[in-house]
Amino acid sequence: MPELPEVETTRRGIAPHIDRQTVSGAVVRQAMLRWPVPDLATLLTGHTVRGVERRAKYLLLRFDHGSLIIHLGMSGNLRVLAAGSPPRTHDHVDLVFGNRCLRLHDPRRFGAVLWADGDPLKHPRLRDLGPEPLSDAFDGGLLHRAARGRKIAVKSLLMDGRIVVGVGNIYATEALFHAGIHPARASQRVSHARFDRLADEVKKVLAHAIERGGTTLRDFVNESGEPGYFAQELFVYGRAGQPCKVCGSAIRTRQVGQRASAFCPRCQH
DNA sequence: AAATTCTCCTGAAGGC
DNA sequence: TGCCTTCAGGAGAATT
């Protein structure tokens, strides 16, 4: 499931192939993803990509007349293929650049392709987002302020995009383990010092995962169809019943905010 | 206002 | 072997 490191891996992978390239055509095979997909052939043919950026888990393809906003949902990936490559099931959208093709594949269709006429950062889906986790704007103080008076589980706080973006289930789970904080702990009962540590661990785990090309659990692949290599470095996510890599206790899971959450009962409080 | 629940979808896994 | 049920999961929407 693409989280920030997987989206950033995708951005870095596709940018060299499509930045400053001109769209020669587009195909929309499935016009209904999370929201309706615009008529991309009409919208983009003849227009040139003026930048490939990322905000939270959204990819932004800049054009002179607006921006294409792409979200990979939980099962999406973008690959660069030869133009004319036969589509497989769930290959929903192609953007064609001469002899190459940027193809969106998304079995569960939780992804989205949106268009913003003006500043994409002012789009309703992006305008209320919190700071980037790898920026200086994100730190323990921000978490501590957001947690004031909140009974919500600290893991849910960390995954709330209005507070900080890009931290999904995998990396929230891992960062909480490294910070020694129980995922279900009430936010208001986490000290400033422990939030400092948590923010630091979020940055470390995300940066490290980007270096490894992201986490591949089932189906994440980069623009060339290759998996990421962070999965082997996970300490708790997906390791229920297995021994903690630090203390040997059996990793447990429980529901936190309707989401499966793994933790070490001895290392996290 | 904050917290919780529901929703979209498919593939994988488990039961029988 | 194969059909049926269950469930995960990002994040917006609806509800409490």
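Nothing here was measured: the structure is a model prediction, and the numbers come from that model. Below, chain A is the first sequence line, B the second, and so on; all start at residue 1.
- Rounded to whole angstrom, the span from the OH atom of A:Tyr171 across to the P atom of C:dA11 amounts to 13 Å.
- Judged by distance alone, the side chains of A:His17 and A:Arg100 do bring a donor and an acceptor atom under 3.5 Å apart.
- In this structure, A:His178 and A:Phe235 have perpendicular ring planes: the angle between them is above 60°, well past the 30° mark.
- Along DNA chain B, the nucleotide closest to A:His90 and the one closest to A:Arg34 are compared, and the more 5′ of them pairs with A:Arg34.
- When the nucleotides C:dG12, B:dA3, B:dG11 are ranked by their closest atom to the side chain of A:Arg108, B:dG11 comes out on top.
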Criterion side chain to side chain contact (heavy atoms under 4.5 Å, CB included) on A:Asp64 and A:Thr48, from CA distance to verdict: CA-CA 7 Å; A:Asp64 287 334; A:Thr48 299; 5.7 Å; no

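- Put simply, NE2 on A:His123 is 11 Å from P on C:dG12, counting in whole angstrom units.
- When the nearest nucleotides of DNA chain B are assigned to A:Arg109 and A:Arg150 by heavy-atom distance, the more 5′-ward of the two goes with A:Arg150.
- Taking the six-membered ring where tryptophan is involved, the planes of A:His182 and A:Phe263 are tilted, since the angle between them lies from 30° to 60°.
- In this model, the phosphate group of C:dG12 is approached by a side-chain N or O of A:Tyr58 to a distance below 4.0 Å at OP1 or OP2.
- Taking atom CZ on A:Arg148 and atom P on B:dA2, their separation rounds to 12 Å, with Å as the unit.
- Aromatic ring pairs are classed by plane angle as parallel below 30°, tilted from 30° to 60° and perpendicular above 60°; the pair A:His65 and A:His47 is parallel.
- Atom-to-atom, NE2 of A:His71 to C1' of C:dG9 comes out at 12 Å; the value is rounded to the nearest Å.
- The nearest whole Å value for the distance from the CD atom in A:Gln255 to the P atom in B:dA3 is 19 Å.
- A donor-acceptor contact under 3.5 Å is not formed by the side chain of A:Arg125 with the base of C:dG12.
- Following rounding to the nearest Å, A:Asp160 (CG) and C:dA11 (P) show an atom-to-atom distance of 11 Å.
- Remark: ring of A:Phe110 not stacked against base of C:dA11; the cut-offs of centroid gap under 5.5 Å and plane tilt under 30° are not jointly satisfied.
- Computed from coordinates, the A:Gln258 CD to C:dC7 P distance equals 12 Å when rounded to whole Å.
- Atom CE of A:Met74 and atom P of C:dC7 are 16 Å apart (whole Å).
- An OP1 or OP2 oxygen of C:dA11 is reached within less than 4.0 angstrom by a side-chain nitrogen or oxygen of A:Lys57.
- The phosphate of C:dA8 (OP1 or OP2) has no side-chain N or O of A:Tyr237 nearer than 4.0 angstrom.
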